[in-house]
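The chains referred to below are lettered A, B, ... by the order of the sequence lines, with proteins before strands, and numbering in each begins at 1.
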There are 2 protein chains.
Amino acid sequence: MRMYNPPHPGEIIKDFCIEALDLTVTDAAKSLGVTRKTFSALLNGRSGISPEMALRLSKVFGRSPEGWLKLQLQYDLWKAQQGIDLKSLKRIKAA
Amino acid sequence: MRMYNPPHPGEIIKDFCIEALDLTVTDAAKSLGVTRKTFSALLNGRSGISPEMALRLSKVFGRSPEGWLKLQLQYDLWKAQQGIDLKSLKRIKAA
DNA sequence: TCAAAGTGTAACGTATAACGTATCAGGTTG
DNA sequence: CAACCTGATACGTTATACGTTACACTTTGA
């Protein structure tokens, strides 16, 4: 697992889907078939890449749906790691 | 993306964590630090592997947290694909 | 200068999901 | 028969993704 704070996926989307293609947020949201509000929340880290959104991103901007979701996976894992105490859990070894 | 119906992750957990180690559901839930209800729901496909659960599974049964979550990712993607119509979305090409 | 466009975000509603406690019904087993 | 394991329910909390509507701000072009 990564030790550093991974960027939220919205930053990657902003860089590679909006700025690189010189799109507006409004137009990109329309192309994805979601509201501007939904896409803005994703871009600004207030929501994550859902499985449905991964399919939309894949269709409109390319890359695999899995690729988009793995981005989110890394971020979610890092966040979950911050807020959970697993010190009391013990490894179960095979009999 | 896989074309076939992927098993829900609970089946894999049941095979590799419960039956292979000859554990009871109750004891495995205790080891994971969750209630029997929560773990039973996971085993029987009524809930998925959350990021937090992935960390618990990794600590107690081994494998990477990413590995557990990718299992869930494949399943979620397959399900999302079933219930969404993206035919109207068009690929945006680079300028 | 003024209007239009782009943007972030708020309120409010929907649906889904993961977790908990408490409880019940059914099965197995010593 | 009693103890245990299991699946499932009802009820609650918290969180998230998505929608519509609306507001305030900035930038840009006629």
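- Side chains of A:Leu57 and A:Arg63 form no contact here, defined as non-hydrogen atoms less than 4.5 Å apart.
- For the pair A:Thr38 and A:Ser47, the minimum side-chain heavy-atom distance is 4.5 Å or more.
- Contact annotation: the side chain of A:Leu55 never approaches that of A:Lys59 to less than 4.5 Å [non-hydrogen atoms, C-beta and beyond].
- The pair B:Arg56-B:Glu52 meets the salt-bridge criterion, since a charged nitrogen lies less than 4.0 angstrom from a carboxylate oxygen.
- Look at CD1 on B:Ile84: it is 15 Å from P on D:dA17, rounded to the nearest Å.
- On the nucleic acid side, DNA chain C contacts chain A at distances under 4.0 Å to non-hydrogen atoms, with the end points of that region at C:dG6 to C:dA11.
- Using a 4.5 Å heavy-atom threshold, the side chains of B:Gln74 and A:Glu66 count as touching.
- Phosphate contact (OP1/OP2 of D:dC4, side-chain N/O of B:Thr24, threshold under 4.0 Å): absent.
- Of the two residues contacting DNA chain C, namely B:Lys79 and B:Thr38, the nearest-nucleotide position lying further toward the 5' end is that of B:Lys79.
- With rounding to whole Å, A:Met53 atom CE is found 16 Å from D:dT16 atom P.
- Looking at A:Lys14 and A:Asn44, their side chains come closer than 4.5 Å, going by heavy atoms from C-beta outward.
- Ranked by how close their nearest DNA chain D nucleotide is to the 5' end, B:Leu43 and A:Ile49 are led by B:Leu43.
- B:Ile13 is listed as a side-chain neighbour of B:Trp68, based on a closest heavy-atom distance under 4.5 Å.
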For nucleotides 8-14 of chain D, give me every protein contact, N/O to N/O, under 3.5 Å, one pair per line with atom names.
residue: D:dA8; atom: OP2; partner: B:Arg46; partner atom: NH1; Å: 2.9

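- Of the inter-residue distances, the one linking A:Arg46 atom CZ with A:His8 atom NE2 reads 9.5 Å to the nearest 0.5 angstrom.
- Atoms CG (B:Asp76) and P (D:dA17) sit 13 Å apart, rounded to a whole Å.
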